[in-house]
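Below is one structure; the comments refer to it alone.
Here the structure is a predicted model, which means the values were calculated and not measured. Keep in mind that the numbers below use all heavy atoms, side chains included, and drop hydrogens, waters and symmetry copies. One-based numbering, in listed order, for ligands and for the atoms of each.
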Amino acid sequence: MASPHKTAAEPETCGPRCSAYIAGTGFEVPDKVLTNADLQKLVDTSDEWIVERTGMKERRVVSDGQAASDLALAAARKALADSDTQASDIDLIIVGTVTGDMLFPSTSCVLQNKLGAARAAAMDVGAGCSGFIYALSTARQFIETGTYRNILVVGVEVLSKITDWTDRGTCVLLGDGAGAAVVKPTTDRNRGIIASLLGADGSRGPDLCMPAGGSRIPASVDSVVQRLHFLKMNGNAIFKVAVRNMAQTVSRLLNTARVRAEDVKLIIPHQANLRIIEAVAKLLRFPMERVFVNIQKYANTSSATTIIALDEARAAGLIRAGDLIVLVAFGAGLTWGGVLLRW
Ligand code: UT7
């Protein structure tokens, strides 16, 4: 079948036979690189341990004064340019983040103002590392119901600002970054999101959280002294759940859409740990050659990992029109989610 994408029909209004597709992507990471050697100067760790146990070699961290909306703005501008979309045409901005500029207003509102996207409604989605998948799945609903035509979906984190740089169990794992996608409707039946799946288990919330700064433990001298404004993680417990849930999510997506694993061109998983990614691939009996990994460069940027990876995979020529792609993630909440799409 000839690829119809260059002339993809974009209906004026979306009907029941309309699907949502990603029309453009972009990402932004800070210039400042933090290597494993740099971390050795901060905590009792080694390049050997970090590479062997996580696959990470370096990560990016913001400079003083840089916040989530700054990275999000740069990523969003690239995605808008890539999709030939004007900021003034955006109907809705959805930002997946747990490290927004402030608790409120939402980072999506800050971004709306910076972009000059005056027509856009704006909301944040707090789903930890699954933030981009949750945001993309939400955008899909607004497109398929015909409510909106141009949605900007962003995953952004500035984890370095909530990292306890004395905790070797977490500080080596995290990085800052942002990715963005512009989502639009199409009647091209060979393109767009085919299935999406979201899940959560709130009983496991304490395994990955930032205890203070909300209404349960507001900021106080005591909360600062107790280091409660930093990310806390029970890494071992999360590892096992992450593997099981990401593998199950991919299987369920493929079953729902009646797609065979061998027909999937690329799985783009959340980049939390190379061993998690390899274990998921092994459970699915899916070859690592078709699993995208960039964890060595950026480490875990939480809600930004999958969209940064998608943009990099495109730039590397790994994704062509008509390819079946799976995005899958897992994170704080606990939450998980996946999206199967045809590019
Ligand atoms: O983004 C979604 C949420 N995050 C995740 O999904 C992360 C999931 N968890 C993980 O990726 C892994 O559990 C970690 C990378 C966090 C830890 O790896 P692990 O293989 O589970 O190590 P461990 O926690 O079992 O620790 C093994 C040893 C311990 O020493 P002892 O008790 O055996 O003497 C740790 O103290 O490694 C030690 N250790 C370190 N050593 C050097 C922990 N962190 C470090 C470190 N450098 N940075």
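- The aromatic rings of Trp336 and Phe330 lie parallel to each other, with less than 30° between the two planes, well short of the 60° mark.
- The nearest protein atom to atom 16 (C) of ligand 1, hydrogens excluded, is given as Leu173 CD1, 3.8 Å; this is a heavy-atom distance.
- No side-chain heavy atom of Thr301 sits under 4.5 Å from any side-chain heavy atom of Gln271.
- Within the 4.5 Å cutoff, side-chain heavy atoms of Ile238 are placed close to those of Met233.
- Counting only heavy atoms from C-beta outward, the side chains of Lys32 and Val62 never approach each other to under 4.5 Å.
- Atom 28 (C) of ligand 1 has as its closest protein heavy atom Trp49 NE1, 4.4 Å.
- Atom 6 (O) of ligand 1 has Ile238 CG2, 3.4 Å as its closest protein atom, hydrogens excluded (heavy atom only).
- Close approach to Cys129 involves these atoms of ligand 1, each under 4.0 Å from a residue heavy atom: 1 (O), 2 (C).
- Residue-level proximity to ligand 1 for Val43 is absent, since no heavy atom of it falls below 4.0 angstrom.
- Heavy-atom contacts of Ile276 reach the following atoms of ligand 1: 6 (O), 8 (C) (cutoff under 4.0 Å).
- Atoms of ligand 1 lying under 4.0 Å from any heavy atom of Leu208, numbered from 1 in the order shown and given with element: 3 (C).
- The nearest non-hydrogen atom to atom 38 (C) of ligand 1, considering only Arg168, His270, Met233, Arg275, comes from Arg168.
- Judged purely by distance below 3.5 Å, without hydrogens or angles, the side chains of Arg314 and Thr25 pair a donor atom with an acceptor atom.
- The shortest contact between atom 27 (C) of ligand 1 and any protein heavy atom is with Arg53 NH2, 3.7 Å.
- Under 4.0 angstrom from ligand 1, the non-hydrogen atoms of Asn236 come from both its backbone and its side chain.
- With hydrogens and angles left out, the side-chain atoms of Asn150 and Thr85 include no donor and acceptor closer than 3.5 Å.
- In terms of protein heavy-atom proximity, atom 47 (N) of ligand 1 is nearest to Thr45 OG1, 2.7 Å.
- Of the N and O atoms on the side chains of Thr97 and Glu157, at least one donor lies less than 3.5 Å from an acceptor on the other residue.
- Contacts of Asn273 with ligand 1, taken as heavy-atom pairs under 4.0 Å, involve the side chain alone.
- Counting only heavy atoms of the protein, atom 8 (C) of ligand 1 lies nearest to Gly235 O, 3.6 Å.
- Between the side chains of Asp201 and Ser203, at least one donor-acceptor pair of N or O atoms lies under 3.5 Å.
- Residues Val241 and Arg204 meet the side-chain proximity criterion, which asks for heavy atoms closer than 4.5 Å.
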